[in-house]
Amino acid sequence: MPVTESDHPSDDGGAPGAGAGPGALPADRLIAFYTDHRRDLPWREPGTTPWGVLVSEVMLQQTQVARVVPAYRQWIERWPTPPDLAAEPSGEAVRAWGRLGYPRRALRLHAAATAITDRHHGRVPDTVDELLTLPGVGEYTARAVAAFGYRRRAPVVDTNVLRVLSRATRGVDTRASATATDRRDLDRWLPQDPDTAATFSIAVMELGALLCTTGEPGCSQCPISDDCAWRAAGYPAAAAVRRQGAWAGSDRQVRGRIMAALRDAPAAVAEGELAAVWPDVQQWRRCLDSLLADGLAVRVDVGWIGLPG
DNA sequence: AACCCGTGGGT
DNA sequence: TACCCAAGGGT
């Protein structure tokens, strides 16, 4: 594990000093860290709507912040409200998604905009339960929108928060995905005041993104290192994760090429031309069929494939 | 519950 | 280089 000596001095049990205690997640210091070191991101600007928060959260699902920023700006400028997006064909959402990856997210975001328009009068719902009914909105995103969009008190646990929670309060590292237990554990540290709770959540997330990272954590700059159970335990390594399959030659690669061809074309593409993206006809056929089944592509006519209308 | 789903940056 | 993995969700 890439832990530097300078960041992790093997001190001999120095006094905890003014720490809140081993395994604590002290809100005051986390919020102070956020105040001092927060990144200026477009979805954090004053005036960001709950719809803006929802769009940013969906884009950020498994996609890095730096790649999301320009896409988010263009998306919000073009579709400032859910009805604006719902009024357009879903294929336009898929095209605007560009190369963010996992284009089903674009389809689901469009479906969410439609549901918000039809069932919620065009206003993004403000309760976790209602948000959970929206396509593409899971346990994390629902709470993120409630907390960051509406300043509700909800335990927001993404991969960053889970890493901080696990390390600081349990003394172990993890690469698992968050569970209901994790949300309950975080809730213990969540300030009661809703607005402060929302700031606390984004502060923990920011700490995980900037300092308490998977790679080389910046423990020497961490505001809660004195309370960190993981540090006290000597930075034990996380359990190994199951390797993902090879990318080259995968269905995902083939699907990606087909979608890129459809996005780059102004209108429908002849199947014969589309087949040129991959030499293995069997695999190409299987992937095209899966894209049609997913609704990411449609057969607009015999032998012609396009983005959904 | 394990597996699938895109793309690209970091090392 | 090859591999990890990044503000997850759906099945």
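Order of the sequence lines sets the chain letters (A, B, ...), proteins ahead of strands, with each chain counted from 1. Everything numeric in this text was worked out from a predicted model, so none of it was measured.
- Side-chain N/O atoms of T63(A) and base N/O atoms of dG8(B) include no donor-acceptor pair closer than 3.5 Å.
- Contact annotation for L132(A): no contact, since no heavy-atom pair falls under 4.0 Å across all strands.
- Two different hydrophobic clusters hold V300(A) and L292(A) under the rule that ILVMFWY side chains link at heavy-atom gaps under 4.5 Å.
- Within the structure, every side-chain polar atom (N or O) of R104(A) is placed at least 4.0 Å from both OP1 and OP2 of dG10(C).
- The separation of dT1(C) from dG6(B), taken at their P atoms, amounts to 25 Å, rounded to a whole angstrom.
- Summarising the local packing, CD of E77(A) is surrounded by 12 or fewer heavy atoms from other residues, nucleotides or ligands at distances under 6.0 Å.
- Counting non-hydrogen atoms under 4.0 angstrom, E139(A) reaches the backbone sugars and phosphates but no base.
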- request: Go through the steps to decide whether Y72(A) and W43(A) satisfy the test ring-ring contact (aromatic ring centres under 6.0 Å, His included), and finish with yes or no.
  value: CA-CA 8 Å; Y72(A) 170 84; W43(A) 46 91; 5.4 Å; yes
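- Taking only distance into account, the side chain of R252(A) never meets the base of dT7(B) through a donor-acceptor pair shorter than 3.5 Å.
- Both distances falling under 3.5 Å, in either a Watson-Crick or a G-U wobble arrangement, place dA2(B) opposite dT11(C).
- Taking atom CZ on R257(A) and atom C1' on dG6(B), their separation rounds to 13 Å, with Å as the unit.
- At a threshold of 4.0 angstrom between heavy atoms, the contacts of R44(A) include nucleobase atoms, whether or not backbone atoms are also involved.
- Neither OP1 nor OP2 of dA6(C) sits under 4.0 Å from any side-chain N or O of R67(A).
- Using a 4.0 Å cut-off, no side-chain N or O of T214(A) falls inside it from OP1 or OP2 of dC4(C).
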Step-by-step ring-ring contact (aromatic ring centres under 6.0 Å, His included) determination, W51(A) to W79(A): CA-CA 10 Å; W51(A) 168 244; W79(A) 298 305; 8.8 Å; no
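- R108(A) has no side-chain polar atom (N or O) that falls below the 4.0 Å cut-off from OP1 or OP2 of dG10(C).
- Along DNA chain C, the nucleotide closest to L134(A) and the one closest to R175(A) are compared, and the more 5′ of them pairs with R175(A).
- Comparing the C1' positions of dG9(C) and dG9(B) gives a spacing of 23 Å, expressed to the nearest Å.
- Atom P of dC5(B) sits at a distance of 22 Å from the matching atom of dA7(C), rounded to the whole Å.
- At a threshold of 4.0 angstrom between heavy atoms, the contacts of V137(A) are confined to the sugar-phosphate backbone, with no base atom among them.
- Phosphate contact (OP1/OP2 of dG8(C), side-chain N/O of Q62(A), threshold under 4.0 Å): present.
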